[in-house]
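Below, all heavy atoms of this structure are taken into account, side chains as well, without hydrogens, waters or symmetry copies. All ligand and atom numbering here is 1-based and tracks the order in the structure. FYI, the numbering just counts along the sequence from 1.
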Amino acid sequence: MVDIGVLVSGGGTNLQSIIDAIESGRLDARIKVVISNRPGAYAIERARKAGLRVEVVTKEAHPVREDFDGKVVEVLKANGVELVVLAGFMRILTPVMLRAFPMRIMNIHPALLPSFPGLDVQKAALEYGVKFSGCTVHFVDEGVDTGPIIIQAVVPVLDDDTPDTLAKRILTEEHRIYPQAIQLFSEGRLEVRGRRVLVKEGTRPEGSLENPPVTLFDEGA
Ligand code: GAR
């Protein structure tokens, strides 16, 4: 069991996937507080519907970045949060947050890091012409989207994709891997060794992926 605080800025579909995973008994965690930096975020509705405590912390009320983070830390600590989960939280953290929760902050990013950090990454992936994209759950360090990687999921990029269709395909995977990453943390199975995050007693993946598919060497070809 782990007590988490979820930080949001937008639609909150990742928050919803965590709520659903907890409610169905797949994820052994408690959401102690949801913090939004945007008063109008739909994520707030989702949190309220689930009966969760919601706090709004705005940059208007805390224009200095360190003060903003100081307020967020205060709320997280007051609610007994052990792990901070960034779920579509569109702010860069200052050392105030990082020092308060060292290797205790997770983020999800809609690309296969270290490719395409930052914003508008589905569009960037399409324009680059990659054949695969995906999503990454990582611990947050002082850089932007640079921390040790916990899980990644891969999706193909299709010829007729738009940034929206690709984002949707990636989001489906986000909703699978984020609760999984939190569950591994909750079970004490994540071991950070430098840049690498090892999973104790994990199962080994097999096989490989190609896009477009390689048919030349398949049986019967
Ligand atoms: C998700 O795709 C998430 O990976 C991305 O924002 C979306 C939030 O969706 N996060 C970032 O780009 C962080 N830099 P949601 O509000 O529906 O969970």
| said: For the 3.5 Å polar cut-off, considering only N or O atoms, please tell me whether D145 and ligand 1 meet it. | reply: no
| request: Specify the protein heavy atom at minimum distance from atom 8 (C) of ligand 1: its residue, its atom name, and the distance to 0.1 Å. | output: G88 CA, 3.6 Å
| So, for P110 and S133, which heavy atoms are closest and what is the spacing to 0.1 Å? | O-OG, 4.4 Å
| query | Is the closest heavy atom of Q16 to ligand 1 under 4.0 Å? | reply | no
| field | Quiz item: cation-pi between K77 and F101, 6.0 Å / 45° | value | yes
| said: Please give me the minimum heavy-atom distance between R104 and E82, naming the atom from each residue. | reply: CD-O, 3.4 Å
| Between N107 and ligand 1, does any nitrogen or oxygen pair lie at a separation below 3.5 Å? | no
| Do L171 and E174 touch side chain to side chain, with heavy atoms closer than 4.5 Å? | yes
| message | Salt bridge or not between R48 and E45? Use side-chain N to carboxylate O under 4.0 Å. | response | no
| field | Minimum-distance protein heavy atom relative to atom 11 (C) of ligand 1 | value | M90 CE, 3.5 Å
| Are the side chains of L190 and M103 in touch, meaning some heavy atoms are under 4.5 Å apart? | no
| said: For atom 2 (O) of ligand 1, what's the nearest protein heavy-atom neighbour? Residue, atom name and distance, please. | reply: E174 OE2, 2.9 Å
| note | For I182 and A29 the tightest heavy-atom approach is CG2-CB, 4.4 Å
| said: For atom 10 (N) of ligand 1, what's the nearest protein heavy-atom neighbour? Residue, atom name and distance, please. | reply: I108 O, 3.7 Å
| So is there a nitrogen or oxygen of T13 less than 3.5 Å from a nitrogen or oxygen in ligand 1? | yes
| message | Any nitrogen or oxygen of G12 lying under 3.5 Å from a nitrogen or oxygen in ligand 1? Just yes or no. | response | yes
| query | Which bit of L171 is near ligand 1, meaning a heavy atom under 4.0 Å away: side chain, backbone, both or neither? | reply | side chain
| task | Starting from atom 5 (C) of ligand 1, locate the nearest protein heavy atom and write down its residue, its atom name and how far away it is, to 0.1 Å. | result | P110 CD, 3.9 Å
| message | Nearest 0.5 Å, please: how far is CD1 in I31 from CD1 in I22? | response | 4.0 Å
| request: Answer with yes or no whether A43 contacts ligand 1, where contact means a heavy atom under 4.0 Å from a ligand atom. | output: no
